[in-house]
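Take a look at the structure set out below.
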Amino acid sequence: MFTLQQTDTRSSARAGVVHTDHGDILTPIFMPVGTVGTVKGVQRRDLEDDIKAQIILGNTYHLYLRPGTHILHEAGGLHRFEGWTRPILTDSGGYQVFSLTDIRKMTEEGVQFSSHIDGRKLLFTPESVMDIEREIGADIVMAFDECCPGTADRAYAKASMERTHRWLDRCIARFDSTPDLYGYRQHLFPIVQGCVYTDLRQDAAKRLRDLDRDGYAIGGLAVGEPAEKMYEMIEVVNDILPQDKPRYLMGVGTPWNILEGIERGVDMFDCVMPTRNGRNGMIFTRNGVMNMRNKKWENDFTPLDPDGTSYVDQQYTRAYVRHLIHAQEMLGLEILSIHNLAFYLWLVGEARQHILTGDFKPWKDEMMQRLMNRL
RNA sequence: GGGUGUGUUCCAGAGUGGCCAAAUGGGGCAGACUGUAAAUCUGCUGUCUCUCGACUUCGGUGGUUCGAAUCCAUCCGCACCCA
């Protein structure tokens, strides 16, 4: 499923290709999040042509609640339902175990959620989640795990990890005994947990490595622990995961987080940050972050991002965008979402080029300084 | 011309003797956001020190009172009704 093309000489950065039946994904890659079957505020045309997204996410928990798995099955899978012909990856609902703590109850069997929509009780088990993900039909499906909080103590983290492993066995048993429903191949990625504890992360990585799946995810990071701990855990895990399989760092992150991840051998990233922060008025650029609500842009009639690669960067001025955000006009949300996603895809594309040409490290070091500026 | 009502901090609008620098909403300013319960949330929004605290404000002026945004007189503005 994965072709490793180039490994950086001065870091663990890699360039490669993930092959799926919906097309190849050039790595390192950022995957826009489309939780409920839409990358919020962005039309498919812009996602494809302007942002140049190669793969997007969907979420099992959310899609199960709405529109419901039967509708997706009837549509012929999520690709057809939302009209996206490139690869899709679905998260399993493991993140909701973390983010919806007050409306869920965890047992060995699975997780009982009280629907955040109408309150009805739903039991998610490793088996039912695999069945749902089969029906959604993503190219890459994530195992059902617990995204353990970064602040968990060691005892909790260990128990959580072990349960995730037991659930993983059940996920694999179910997934491997059920067919692809729509005529293309689906791939199940297990998830390394272990919180911020080196030995737990090592245990988890070794256990997963031996399963010999098509790709691996690193989960439970950027959930409350210090960034340095996150980087450290990535190194620990990537030292163990096989070189010839793609590695996906779940839910990360800021542009600088992503460069640090790439440097440490991560191939795939996803995060709500470009879209959510965009909707909340913040944009990332190669020269730093900008809060477009700020007064200083009030009469700045220069392009939104003169260095940006998206058409919105050249077509709209900062003053105009600030006005749209202040007036709560939906076009503002759309423009900033498109900008941020285009920037993220540009960033990982540049990283890939620099890995291929062999100067990733100096390029990364220089970018880091600029990315974190506040403009 | 007569009558009634009204004037509060950027706006709207509470407050009708001390617990009022003054509710609440809006606006403004800033911050947060990491496998999306998020077009959301948080803080600040008279001045000065910026912690305690001090000072100046509720249309103007003059009173009553220990004490007034709140009561009285008068003037000014605005709204509506009657001629």
Side-chain angles (χ1 to χ4, degrees), chain A residues 30-42 55-63 65-66 88-104 113-119 129 133 138 140-150 164 189-193 216-227 230 248-258 260-261 266 268-284 289-298 322 324-337 340 344 374:
Chain A
F30 177 80
M31 310 180 282
V33 178
T35 307
V36 292
T38 161
V39 175
K40 294 186 193 293
V42 182
I55 169 174
I56 61 174
L57 298 215
N59 181 278
T60 303
Y61 168 86
H62 289 281
L63 289 169
L65 287 181
R66 270 193 310 223
I88 294 177
L89 179 152
T90 40
D91 183 34
S92 60
Y95 186 73
Q96 280 63 43
V97 177
F98 161 78
S99 66
L100 303 180
T101 42
D102 44 337
I103 55 170
R104 59 89 168 149
F113 289 99
S114 298
S115 159
H116 70 276
I117 297 167
D118 60 11
V129 168
E133 291 198 88
I140 298 173
V141 318
M142 303 310 300
F144 189 48
D145 67 335
E146 180 197 0
C147 177
C148 179
T164 285
F189 280 23
I191 303 169
V192 176
Q193 289 292 345
Y216 295 94
I218 306 170
L221 290 176
V223 285
E225 81 287 359
M230 168 167 77
Y248 161 33
L249 178 58
M250 305 184 77
V252 176
T254 62
W256 44 96
N257 287 160
I258 288 173
E260 296 289 0
V266 175
M268 306 162 73
F269 302 85
D270 80 283
C271 193
V272 304
M273 194 167 274
T275 44
R276 179 186 289 170
N277 287 31
R279 289 196 304 280
N280 293 330
M282 176 184 179
I283 64 168
F284 298 93
V289 302
M290 300 164 70
N291 184 341
M292 295 313 299
R293 285 191 315 229
N294 286 175
K295 193 173 184 62
K296 59 182 130 183
W297 313 121
E298 190 174 34
R322 177 181 191 270
L324 293 177
I325 295 296
H326 273 258
Q328 297 178 57
E329 281 294 330
M330 59 176 121
L331 179 60
L333 313 182
E334 184 182 329
I335 289 170
L336 297 190
S337 297
N340 277 341
Y344 268 62
R374 294 194 80 92

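Chain letters run A, B, ... following the sequence lines, proteins first and then strands; every chain starts at 1. On a predicted model such as this, the values are computed, not experimentally measured, just so you know.
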Distance check: side-chain N/O of [X] vs OP1/OP2 of [N], anything under 4.0 Å?
{"X": "A:N294", "N": "B:A30", "result": "yes"}
{"X": "A:H326", "N": "B:C29", "result": "yes"}
{"X": "A:N59", "N": "B:U36", "result": "yes"}
{"X": "A:Q96", "N": "B:A37", "result": "yes"}
{"X": "A:R279", "N": "B:A38", "result": "no"}
{"X": "A:Q328", "N": "B:G27", "result": "yes"}
{"X": "A:R374", "N": "B:A32", "result": "yes"}

Checking [X] side chain against [Y] main chain: does a donor-acceptor pair fall under 3.5 Å?
{"X": "A:R279", "Y": "A:S337", "result": "no"}
{"X": "A:D145", "Y": "A:V97", "result": "no"}
{"X": "A:D270", "Y": "A:P32", "result": "no"}
{"X": "A:E225", "Y": "A:A222", "result": "yes"}

Looking at [options], which one has an atom nearest to any side-chain atom of [X]?
{"X": "A:N280", "options": "B:A39, B:U34, B:G27", "value": "B:A39"}
{"X": "A:K40", "options": "B:A39, B:G31, B:G35", "value": "B:A39"}
{"X": "A:V272", "options": "B:A38, B:G35, B:A30", "value": "B:G35"}
{"X": "A:L57", "options": "B:A37, B:G35, B:A39", "value": "B:G35"}
{"X": "A:V33", "options": "B:U36, B:C33, B:C29", "value": "B:U36"}

In whole angstrom, give the distance that lies between atom [atom1] of [X] and atom [atom2] of [N].
{"X": "A:F30", "N": "B:U36", "atom1": "CZ", "atom2": "P", "value": "11 Å"}
{"X": "A:D270", "N": "B:U34", "atom1": "CG", "atom2": "C1'", "value": "9 Å"}
{"X": "A:M273", "N": "B:U40", "atom1": "CE", "atom2": "P", "value": "18 Å"}
{"X": "A:L100", "N": "B:U36", "atom1": "CG", "atom2": "P", "value": "10 Å"}
{"X": "A:M282", "N": "B:A32", "atom1": "CE", "atom2": "P", "value": "7 Å"}
{"X": "A:H116", "N": "B:U40", "atom1": "NE2", "atom2": "P", "value": "16 Å"}
{"X": "A:N257", "N": "B:C33", "atom1": "CG", "atom2": "P", "value": "11 Å"}
{"X": "A:D102", "N": "B:A37", "atom1": "CG", "atom2": "P", "value": "11 Å"}

Tell me which of A:N291 and A:I103 sits closer to the 5' end of RNA chain B, going by the nucleotide each one is nearest to. A:N291
Closest-nucleotide ordering on RNA chain B, the 5'-leading residue of A:Q193 and A:L333: A:Q193
Identified pairing partner of B:G67, criterion: Watson-Crick or G-U wobble below 3.5 Å: none
Quiz item: [X] side-chain donor-acceptor pair to [N] base, under 3.5 Å:
{"X": "A:R293", "N": "B:G31", "result": "yes"}
{"X": "A:D145", "N": "B:G35", "result": "yes"}
{"X": "A:T275", "N": "B:U36", "result": "yes"}

Gap separating the CG atom of A:N277 from the CZ atom of A:F284, nearest 0.5 angstrom: 4.5 Å
Without hydrogens or angle criteria, can the side chains of A:D91 and A:Y61 be said to hold a donor-acceptor pair below 3.5 Å? no
